[in-house]
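Everything below concerns the one structure shown next.
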Amino acid sequence: MSALSLSTSILELPLVHPFTIARGSSQTARTVVFRVSWNGLEGLGETAPIARYGESADSVAAYFEKHPLRGDDPYLLEELLSQDIPPAARCGLDIALHDLIGKDCGKPLYRLLGLDPSKTPLTSFTIGIADPETTLRKVSELGNHPVMKLKLGSGATATQIETVELIRSKYAGTIRIDANEGWSADQAVNILGELARFDIEFCEQPIPAGHPDQLRFVRERSKIPIVTDEDSRTAGDLPALFGCVDGINVKLVKTGGIRGALKMIHTARALKFKIMLGCMVESQILSTAAAHLSPLVDWADIDGPFLTKDDPFSGITYERGKIVLPDGPGLGVREGRHCVGM
Ligand code: MG
């Protein structure tokens with residue numbers, strides 16, 4: 001039995017379009033690829049650290065240069081994935097260990113988790129903030145993809161409402177919106193009141209995180225269901241949101257990987273929240289890891305592979321928006337590019 005070893009490397013992924021949300025804009029995604037080796041096998045992992053929560057690709061790589069792995073047995077996940085490892089760093093290691101265990105057992109991760117791969121949901125395709133002409137071009141590129149998520153939360157209130165009206169006039173599919181903390185509570189009530197006539201499925205994080213009482217205020221005045229993202233990082237955040245929102249967005253990077261996401265999903269079910277599974281701008285490794293959990297959730301927003309180009313990995317594909325899981329052992333991710341479809 002060989003020792004368990006880890007290497008990390010930074011991955012720069014160019015984006016199909018510059019990606020703009022209420023907090024800022026980016027042209028490339030910067031993630032960290034994890035490779036764990038043990039017993040002649042290699043497990044692949046990835047994390048896409050979020051500056052909003054104080055982690056970066058460099059901070060993750062530096063963490064593992066300073067902190068050796070806490071054991072040699074990849075099955076001892078509780079030891080190796082200690083809660084004091086920062087969440088984004090823990091996420092990359094957690095995914096790599098799950099991939100390694102799946103390869104050692106010769107089973108896809110969804111089987112180890114007890115899940116039916118035919119029960120994956122549709123995913124939304126995210127459209128960042130842009131001028132109306134660019135937004136419409138992106139909507140036309142969606143073709144007949146059945147669900148979109150539109151980023152709002154910056155610019156004049158009237159312009160945001162006009163943008164949704166324009167999109168609704170051209171797009172018959174399901175529309176979700178995400179304000180990324182960009183509105184005040186009163187502004188959220190006003191905008192959501194106007195947007196209700198455009199048949200919006202839900203609104204993600206209308207106001208800055210940390211104010212559950214204001215979320216409740218918005219929810220009580222909105223016909224559009226309210227879902228948190230920045231307010232719901234881990235399972236421990238959920239009890240404070242009880243009665244204040246309709247659903248929560250789970251992301252592996254926020255919550256420390258597959259184990260953290262499972263804890264969060266089961267806590268959310270106990271509290272009767274609807275559950276969305278999200279991603280960052282990332283490669284197929286991280287999106288495929290999240291997708292293996294997707295039979296457990298109500299809504300998926302796992303569109304990383306649509307947003308990047310030159311992804312060096314292949315994993316999930318899509319059939320008219322429905323996630324199709326690979327059936328190789330572990331994550332089923334392979335090195336090499338392929339077309340992900342729509
Ligand atoms: Mg969000």
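Counting starts at 1 for both ligands and their atoms, in listed order.
- Distances from the Mg ion (ligand 1) to the N/O/S atoms of Glu204 are shortest for OE2.
- Counting backbone and side-chain atoms alike, Asp229 contributes an N/O/S atom closer than 2.8 Å to the Mg ion (ligand 1).
- Ring geometry for Phe273 against Phe242 counts as perpendicular: the plane angle is over 60°, on a 0 to 90° scale with 30° as the lower cut.
- A salt bridge (charged side-chain N to carboxylate O under 4.0 Å, His left out) with Glu78 is found for exactly one of Arg70, Arg259, Arg90, namely Arg259.
- Considering just the N/O/S atoms of Asp178, the one nearest the Mg ion (ligand 1) carries the name OD2.
- Distance alone, capped at 3.5 Å, places no donor-acceptor pair between the Glu181 side chain and the Trp183 backbone.
- Applying the 6.0 Å contact sphere to NZ of Lys138 captures more than 12 heavy atoms from other residues, nucleotides or ligands.
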